[in-house]
Amino acid sequence: MSKIRIYNTLSGKKEELIPLEPGKIKMYVCGPTVYNYIHIGNGRPAIIFDVVRRYLTYRGYDVTYIQNFTDVDDKLIKKAAETGETVPEVAQRFIKAYEEDVRALGVLQANVHPKVTDHMPEIIAFIEGLIEKGHAYAAGGDVYFRTASFPEYGKLSHQHIADLKAGARIEVNEKKDDPLDFVLWKQAKPGEIFWESPWGKGRPGWHIECSAMSLKYLGETFDIHGGGHDLAFPHHENEIAQSECLTGHPMARYWMHNGYINIDNEKMSKSLGNFVLVKELRDEYSPRALRFFMLSAHYRNPINFSKELIQQAVNSITRIDNAVRNLKHRKETAVDGEMTAEERQILERFRQTFIEEMDNDFNTADGITVLFDMVRETNQILTAPAVKRSLIQAYLSLFDEFGGVLGFTFGEAEENGRGPSDEDVEKLIVERGEARKNRNFARADEIRDQLQQMGIVLEDTPQGVRWHRK
RNA sequence: GGAGGCAUAGCCAAGUGGUAAGGCCAAGGUCUGCAAAACCUUUAUCCACCGGUUCGAAUCCGGUUGCCUCCUCCA
């Protein structure tokens, strides 16, 4: 069996995945700041790392998956001021919205979704530790990390401190000793939400939460840290600085970053305003198509968003759905018999290929190709007048197996709660059958059209009428 | 100015040294009462451009052009 290889931002290379503890993977993925609905760009890491997690589980690892919620920060405070809600109310509202969006996209819950506001003691203790070790300093109610105290600063994003200093866009702040220093604790302005701390009333800086919470749930060193490409600097760089200065150990072994979703070749972002909300897109397209769209390219490559491409994904996934539906239909009239050695071998080859492709830095595009190869194979098998039940079942199981890894269920109508009952459909199909027997095709077609209107698709096959909900 | 990425058919997209996967779209054929689904066939002598290394390069090296991202909150 091949070995799992992950592209590690830290080294800039694909590396073999060697877990810290045999058989176990601990991973942490940066979650959303919950001040708004998520756009599909935010959906990408949710889906990508969900697949990473599912795949590692599939490969036999016991995966602990942590994804945080940033539930207090400047943007939440601003939002609360706009809507008249409290900060916790804003957070709660958008955590709920996030969960709904992401569930629709087929993303499994993390083992823990820690919130910043539930971890103030851990965060404060973390900052105190950094101050004790000389890596941080209090200044006028704020606390800053002393970047110069960590010689390796820049190792993740491959930036040199000198170059960063030369950059023209560093925030000017008189309280900082050095422009590259970043805030660990931020003094509350009058009227702002605050927590008591040794440095007065305030709230945590953005980066410290991930360091404190990953330490709590995963320990000093864990296996995989994931997030969007734009988080590599400064967010992840700062996390590394904080964590490694406190513990003296590497924070994470493999750093994974997904590429962006672009619109017209430009980054989609809340700040640019060119975003498309998952919430809105869900009304127009099946969420499975969105997920399929994201998995049809490699996670590190940028992908362009357009409705045309989502439609391509809809069409593509329909082909797989049809194949699975057709297999299920033929199972009813299948014959007994064992699979031949050759048939077993073909099935096993599909599995091997799927694993090889996914082992290669989670190449979901090639993983999906295996599904299409299976579609062709099964469709060809079904052209025979008699097909063995054992063979059909084996393929259905394999579709389930790979679907489970990628987060899809194939061949089942999505819940929409509309349309006629199965009984009513069957009744009309019987009536149509009578009409066809009497060669009353006008009536038969009328019934088919009628069902079509109700979202029911009829297909006549040598094995009887096959139907499904659209 | 510094760091990095991308450029493959009408659209999307793998492949990263051994002679171009897969999907969508399109065309023709088969099956069908007609459809649908499906099957078969067709669709890049070529992977932005120029040079180099090699028996051999879309894949490695150098250069050119174009586009994108990060260095600021951002998935």
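Naming: A, B, ... by sequence-line order, numbering from 1 per chain.
- Both tests hold for A:Arg300 against A:Tyr7: distance to the six-membered ring centre under 6.0 Å, angle to the ring axis within 45°.
- B:U69 atom P lies 13 Å from atom CD1 of A:Ile263, rounded to whole Å.
- Of the residues near RNA chain B, A:His207 and A:Ser296, the one whose nearest nucleotide (by heavy atom distance) lies more toward the 5' end is A:Ser296.
- As judged by a 4.0 angstrom heavy-atom cut-off over every strand, A:Glu308 is placed among residues touching the sugar-phosphate backbone only.
- Separation of the P atoms belonging to B:C71 and B:A13 is 25 Å when rounded to the nearest angstrom.
- Taking the side chain of A:Asn265 as heavy atoms from C-beta on, and the options B:G15, B:C68, B:A38, the nearest nucleotide is B:C68.
- For A:Thr70 and A:Glu209, the side-chain atoms include at least one donor-acceptor pair closer than 3.5 Å.
- The side chain of A:Arg439 has B:G33 as its nearest neighbour among B:A36, B:C25, B:G33.
- What separates OH of A:Tyr299 from P of B:A14 is a distance of 13 Å, to the nearest Å.
- Base contact: A:Gly259 has a heavy atom under 4.0 Å from a base atom.
- Side chains of A:Lys75 and A:Asn36: no donor on one and acceptor on the other come within 3.5 Å.
- In this structure, of B:U69, B:C71, B:A75, it is B:C71 that holds the atom nearest to the side chain of A:Phe233.
- Heavy atoms of A:Leu458 sit under 4.0 angstrom from at least one base atom.
- Under the Watson-Crick and G-U wobble criteria, each requiring two contacts below 3.5 Å, nucleotide B:C60 is paired to B:G52.
- For A:Lys437 and B:G33, the shortest distance from a side-chain N or O to OP1 or OP2 is not below 4.0 Å.
- Residue contacts for A:Ile48: at a heavy-atom cut-off of 4.0 Å it reaches no nucleic acid atom on any strand shown.
- Between the side chain of A:Arg376 and the base of B:C39 there is no donor-acceptor pair of N/O atoms closer than 3.5 Å.
- The shortest distance between the side-chain N/O atoms of A:Gln311 and the OP1/OP2 oxygens of B:C12 is not below 4.0 Å.
- Applying the 3.5 Å distance criterion, the base of B:A35 shares a donor-acceptor pair with the side chain of A:Arg448.
- One can find a donor-acceptor pair under 3.5 Å joining the base of B:G33 and the side-chain atoms of A:Arg436.
- Nucleotides B:A20 and B:U59 have their C1' atoms positioned 11 Å apart, rounded to a whole Å.
- Base contact: A:Tyr260 has a heavy atom under 4.0 Å from a base atom.
- The A:Ser316 side chain lies nearest to B:C24 when the options are B:A37, B:C24, B:A75.
- Look at B:G1: its Watson-Crick or wobble partner, with both distances under 3.5 angstrom, is B:C71.
- As judged by a 4.0 angstrom heavy-atom cut-off over every strand, A:Asn315 is placed among residues touching the sugar-phosphate backbone only.
- Checked by atom type, the side-chain pair A:Asn326/A:His329 shows no donor-acceptor distance below 3.5 Å.
- A:Asn363 comes within contact range of the sugar-phosphate backbone alone, with a heavy-atom separation under 4.0 Å but no base atom that close.
- A:Ser211 and A:Glu239 share no side-chain donor-acceptor pair at under 3.5 Å.
- Across all strands shown, B:C39 forms a Watson-Crick or G-U wobble pair with B:G29, both key distances being under 3.5 Å.
- In this structure, A:Gly227 reaches the sugar-phosphate backbone alone: every heavy-atom distance under 4.0 Å involves primed, P, OP1 or OP2 atoms, never a base.
- Side chains of A:Arg59 and A:Tyr55: a donor-acceptor N/O pair is present below 3.5 angstrom, by distance only.
- Checking A:Ala365 against A:His39, the closest nucleotide of RNA chain B that is more toward the 5' end is the one next to A:Ala365.
- Nearest to the side-chain atoms of A:Asn326 among the listed nucleotides B:A38, B:C73, B:G22 stands B:A38.
- Counting any heavy atom pair closer than 4.0 Å across all strands shown, A:Gln159 reaches a base atom.
- On the C1' atoms, B:U19 is 11 Å away from B:U45, given to the nearest whole Å.
- Taking atom CZ of A:Arg432 as the reference point, atom P of B:C34 lies 13 Å away to the nearest angstrom.
- Atom pair A:Leu327:CG and B:A38:P shows a separation of 12 Å (rounding to whole Å applied).
- With ring centers used as reference points, A:Phe182 lies under 6.0 Å from A:His207.
- Between A:His257 and A:His236, the distance from one ring center to the other falls under 6.0 angstrom.
- For A:Tyr98 and A:Phe69, the gap between ring centers is short of 6.0 Å.
- Residue-to-nucleotide contacts include no donor-acceptor pair under 3.5 Å from the side chain of A:Asp73 to the base of B:C73.
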I'd like to know whether A:Gln312 forms a side-chain hydrogen bond (donor to acceptor under 3.5 Å, both in side chains) with A:Ser316, so could you lay out the CA-CA distance, the side-chain angles of the two residues, the decisive distance to 0.1 Å, and finally the verdict. CA-CA 6 Å; A:Gln312 283 192 13; A:Ser316 299; over 6 Å; no

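- The residue A:Asn301 sits close only to the backbone: its heavy atoms come under 4.0 Å of sugar-phosphate atoms, none of a base.
- Across all strands shown, B:C6 forms a Watson-Crick or G-U wobble pair with B:G66, both key distances being under 3.5 Å.
- For the pair A:Asn379 CG and B:C40 P, the interatomic distance rounds to 9 Å; values are reported in whole Å.
- Across the strands present, B:A13 finds no partner; the criterion is a Watson-Crick or G-U wobble pair with both atom distances under 3.5 angstrom.
- When rounded to the nearest whole Å, the span between NE2 of A:His158 and C1' of B:G2 equals 14 Å.
- When the P atom of B:C73 is taken as reference, atom CD1 of A:Ile77 falls 16 Å away, rounded to whole Å.
- Scanning atom types as modelled, one donor and one acceptor separated by under 3.5 angstrom connect the side chain of A:Asp445 and the base of B:G33.
- In this structure, A:Asp264 atom CG and B:C6 atom P are separated by 22 Å, rounded to whole Å.
- B:C50 and B:C11 have their C1' atoms separated by 29 Å, with the value rounded to a whole Å.
- Between A:Phe372 and B:G22, no base-stacking contact is recorded for ring centres under 5.5 Å apart and planes less than 30° from parallel.
- The gap from the P atom of B:G28 to that of B:A36 amounts to 13 Å, rounded to the nearest Å.
- Judged by distance alone, with hydrogens and angles left aside, A:Gln312 brings a side-chain donor or acceptor within reach of the base of B:C11, the pair sitting under 3.5 Å.
- Rounded to whole Å, the separation between the C1' atoms of B:C6 and B:C49 comes to 16 Å.
- Within the nucleic acid shown, A:Asn322 comes within 4.0 Å of sugar-phosphate atoms alone, with no base atom in reach, counting heavy atoms only.
- Using P as the reference atom, B:C60 and B:U8 are 16 Å apart when rounded to the nearest Å.
- At B:C39, one or more side-chain N or O atoms of A:Arg319 fall inside 4.0 Å of OP1 or OP2 (strictly under the cut-off).
- Nearest to the side-chain atoms of A:Leu309 among the listed nucleotides B:A35, B:C40, B:C12 stands B:C12.
- For A:Pro234, taking side-chain heavy atoms from C-beta onward, the closest of the listed nucleotides B:C73, B:G2, B:C24 is B:C73.
- Taking atom C1' on both nucleotides, B:U54 is separated from B:C61 by 12 Å, rounded to a whole Å.
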